[in-house]
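Order of the sequence lines fixes the chain letters, A, B, ..., with proteins taken first and strands second; residue numbering starts at 1 for each chain.
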Amino acid sequence: GAVVSQHPSWVICKSGTSVKIECRSLDFQATTMFWYRQFPKQSLMLMATSNEGSKATYEQGVEKDKFLINHASLTLSTLTVTSAHPEDSSFYICSAQGQGSDTGELFFGEGSRLTVL
Amino acid sequence: LAKTTQPISMDSYEGQEVNITCSHNNIATNDYITWYQQFPSQGPRFIIQGYKTKVTNEVASLFIPADRKSSTLSLPRVSLSDTAVYYCLVGGYSGNTPLVFGKGTRLSVIA
């Protein structure tokens, strides 16, 4: 099946620094990628929709200047958490939908756990 | 986007069949129903998808009644490794329609 890979799988950073998380579709082209955040014992919360070659669409309450999303190619989307703070510590998950998909199956990455000290 | 409602948690013994029902009363005509499984600290994994009636694959069956306002995921003979959170999602996926996750059902399989 299709594979989506995230990197890094876990990262620890100091408060005030920026962290970049990569999401790659390894064997298919993804025109659309989605970024989710998940806190312990909670469900996935959609943060933004990333479209190749255009600006991301952010969900209400998600700061676009804090969570920078770039989808520069059909196989790569990046999420940069800028000026990270401890409350940004979370599990970040990306997912991708293949080109021409009409049944909507999403392929999810392994997730990236961010810990901000 | 259709909202889904599932039981928060379920317990089962090993070897039993587990049925998890999801309600989606406002499902749209072009919406598919998809179930995902998530283990701790991992991304969700696709289990099964259907539009109507019954779908079966090597790991599960999905039962969808004629009105499509609910669906039931059936896991035959569960094992300890099936302990996970199961999410039911509905959506019609053309363009860039995102999937919105509900709270999911936390299944605990007991030896």
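At most 12 non-hydrogen atoms from other residues, nucleotides or ligands lie less than 6.0 angstrom from NE2 of A:H7.
Interface remark: B:Y87 contributes side-chain atoms only to the contact with chain A (heavy atom separation under 4.5 Å). In this structure, the portion of A:Q38 lying under 4.5 Å from any heavy atom of chain B is its side chain and not its backbone. For a residue to count as touching a neighbouring chain, one of its non-hydrogen atoms must lie under 4.5 Å from one of that chain's; by this rule B:R106 touches chain A with the side chain only.
By the criterion of side-chain heavy atoms lying less than 4.5 angstrom apart, applied directly or through intervening Ile, Leu, Val, Met, Phe, Trp or Tyr residues, A:V81 is grouped together with A:W35 in one hydrophobic cluster. Grouping the Ile, Leu, Val, Met, Phe, Trp and Tyr side chains by contacts below 4.5 angstrom, directly or via other members, places B:V78 with B:M10. Clustering ILVMFWY residues whenever any of their side-chain heavy atoms sit less than 4.5 angstrom apart, transitively, puts B:Y86 in the very cluster that holds B:V90. Each of A:Y92 and A:F34 belongs to its own hydrophobic cluster when Ile, Leu, Val, Met, Phe, Trp and Tyr are linked at side-chain heavy-atom distances under 4.5 angstrom. Linking Ile, Leu, Val, Met, Phe, Trp and Tyr residues whenever their side-chain heavy atoms come within less than 4.5 Å leaves A:V116 and A:L68 in two separate clusters.
Close approach to chain A, defined as a heavy atom under 4.5 Å from one of its heavy atoms, is seen in no residue of residues 63-71 of chain B.
The six-membered or imidazole ring of B:F101 lies near that of A:F108, with a centre-to-centre distance under 6.0 Å.
Of the listed residues B:G102, B:G104, B:G43, the one with more heavy-atom pairs under 4.5 angstrom with chain A than any other is B:G43.
Of all the heavy atoms in A:S43 and B:K103, the pair that sits closest is CB-CA, 4.1 Å. Pairing each heavy atom of B:Q42 with each of A:I93, the nearest pair is O-CD1, 4.5 Å.
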